[in-house]
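Step one of this worksheet: look at the structure below.
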Amino acid sequence: MIAALPTPYPALNEKRIEYVLADENYKLSLWKDLAPISKGKNGVVNFQKIKDFTQQFFEELTRKKHLLDNIKTLSLLTNFVQASAEVLKYNPEIASIEFTTAKSLFVYTSKGTSKVYLELFFDEETGKFAEAVLNIYQNRTQELAINGTLNFVVQKLDGYFSPASINLYKPTETPYAISGSTTASYAF
Amino acid sequence: MQYPEVLLPRTHFKRIEEDLSEHHLCRTTPTRNFLNAAGLIKDEELFRNELEFLDYSTNHLGQFEMDFNFLSLCGDNRKYFRSYWNFTDDVICPEYLQDFEVDNSKGVFFFKIGEIHRKIQFPLVKNSKGKNDTFTAIVKHTPTHSNFWHFSIAWIDANGDEVNPRGSSTWKNSLIASIRAHLLNKFLVDKPVPALIEERYFLKS
């Protein structure tokens, strides 16, 4: 995953974040990585939702540079992509993402009366992914609280949700401009 | 401007330990714009610092009126006014501009006590010894030198001891994430009807 990443950035700091944000190829690679693995039950990808979600991620990167010192870029992006794919495939009505003062990436989705709170923590010393904590609520009642690897906790989502059939969104224009590119459409 | 007398602790007051399940707590945020696009409280508005989740500061909405949320302690005595009262000392009354000011830029949200107190448990969190444990949320009366109606949301383990995750990052992570999830699940934006606490609950007999 994230094969198209242009550079294996070692760790984040304000300068590197600015570099990432200025790199349109980098944004595009992230978007392309996320799309094929966010398929609903019928294999359809909701492009708009993925686009909106990745845009939120970049806005958070911009707003909260000060919280991200020392986090390993590749670790952050790999886990962002995996976590996003796992929650988006259930076609949530609301999906949001936020960096927190607890050195974590907080992913929230809701669908009907179900709410999923997934928080990814990064080690303060190594900057690498440390663990994920998943909380699920239904009808305002706590159904599950569990921690572990990201692979382990996201498996639990299947017990509460089924990957959904989702509406096809056809992008009418290039979501991100590629410098020097002559093509305007992407095949996923 | 006078500091509201109703907020000051008095030596003939006692700790409130009665069931207040139908009552509400209020909590201020640094700004009025405290919700994100998903309708959740933004991280920086929910917690002022990382360790605050262990002793989450709120006020009981009743004798503590809605407008009191916009009083803001300031000055050199701020630490004294914010610290917990011991139920025996006479307290100093804060002076306007020297000790408190009005800050109308703050936001306010609410919790129903009955949805927090002993209603939330986190059963699969490992404690500092690597064993599974159960944490339970409690709402406790924690009056300060400037506010008798101050309450805290705290967390106890199976033995009834308050949780202290220092020294165990795994444990701390699980607790932070679960507390965040719960607070975000239970907060209210619309002002509930205030409920006065009966005098017999807080007056020494």
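We name chains A, B, ... by the order of the sequence lines, and we start the count at 1 in each one. When reading the values below, keep in mind they use all heavy atoms of this one structure, side chains included, and skip hydrogens, waters and symmetry mates.
- Judged purely by atom type and a 3.5 angstrom limit, B/His145 has no side-chain atom pairing as donor or acceptor with the backbone of B/Phe81.
- Only the side chain of B/Asn36 comes within contact range of chain A, with heavy atoms under 4.5 Å apart.
- For chain B, the nearby part of A/Ser104 is the side chain; its heavy atoms alone come within less than 4.5 Å.
- For B/Arg200 and B/Glu18, the salt-bridge test fails: no basic side-chain N is under 4.0 Å from an acidic carboxylate O.
- Contact annotation for A/Phe99: only backbone heavy atoms (N, CA, C, O) come within less than 4.5 Å of a heavy atom of chain B.
- The pair B/Glu44-B/Lys42 fails the salt-bridge criterion, with no side-chain N (NZ, NE, NH1 or NH2) lying under 4.0 Å from an Asp/Glu carboxylate O.
- Residues of residues 93-108 of chain B never come within less than 4.5 angstrom of chain A, heavy atom to heavy atom.
- Of the listed residues A/Thr101, A/Thr141, A/Leu118, the one with more heavy-atom pairs under 4.5 angstrom with chain B than any other is A/Thr101.
- No side-chain donor-acceptor contact under 3.5 Å links B/His23 to the backbone of B/Leu196.
- A salt bridge is defined here as a Lys NZ or Arg NE, NH1 or NH2 lying under 4.0 Å from an Asp or Glu carboxylate O, and B/Glu52 with B/Arg27 meets this definition.
- Below 30°, between 30° and 60°, or above 60°: for A/Tyr108 and A/Tyr117 the angle between ring planes is between 30° and 60°, a tilted geometry.
- In terms of non-hydrogen atom pairs under 4.5 Å with chain B, the most contact-rich of A/Ile136, A/Ile94, A/Asn135 is A/Asn135.
- Of the atoms belonging to B/Leu184, heavy atoms from both backbone and side chain fall under 4.5 Å from chain A.
- When B/Ala181, B/Ala37, B/Ala38 are compared by the number of non-hydrogen pairs under 4.5 Å with chain A, B/Ala181 comes out ahead.
- The aromatic rings of B/Trp85 and B/Phe87 sit tilted, their planes meeting at an angle between 30° and 60°.
- Salt bridge annotation for B/Arg180-B/Asp43: present, with a cationic side-chain nitrogen under 4.0 angstrom from a carboxylate oxygen.
- Between B/Glu162 and B/Lys140 there is a salt bridge, with a side-chain nitrogen of the basic residue lying less than 4.0 Å from a carboxylate oxygen of the acidic one.
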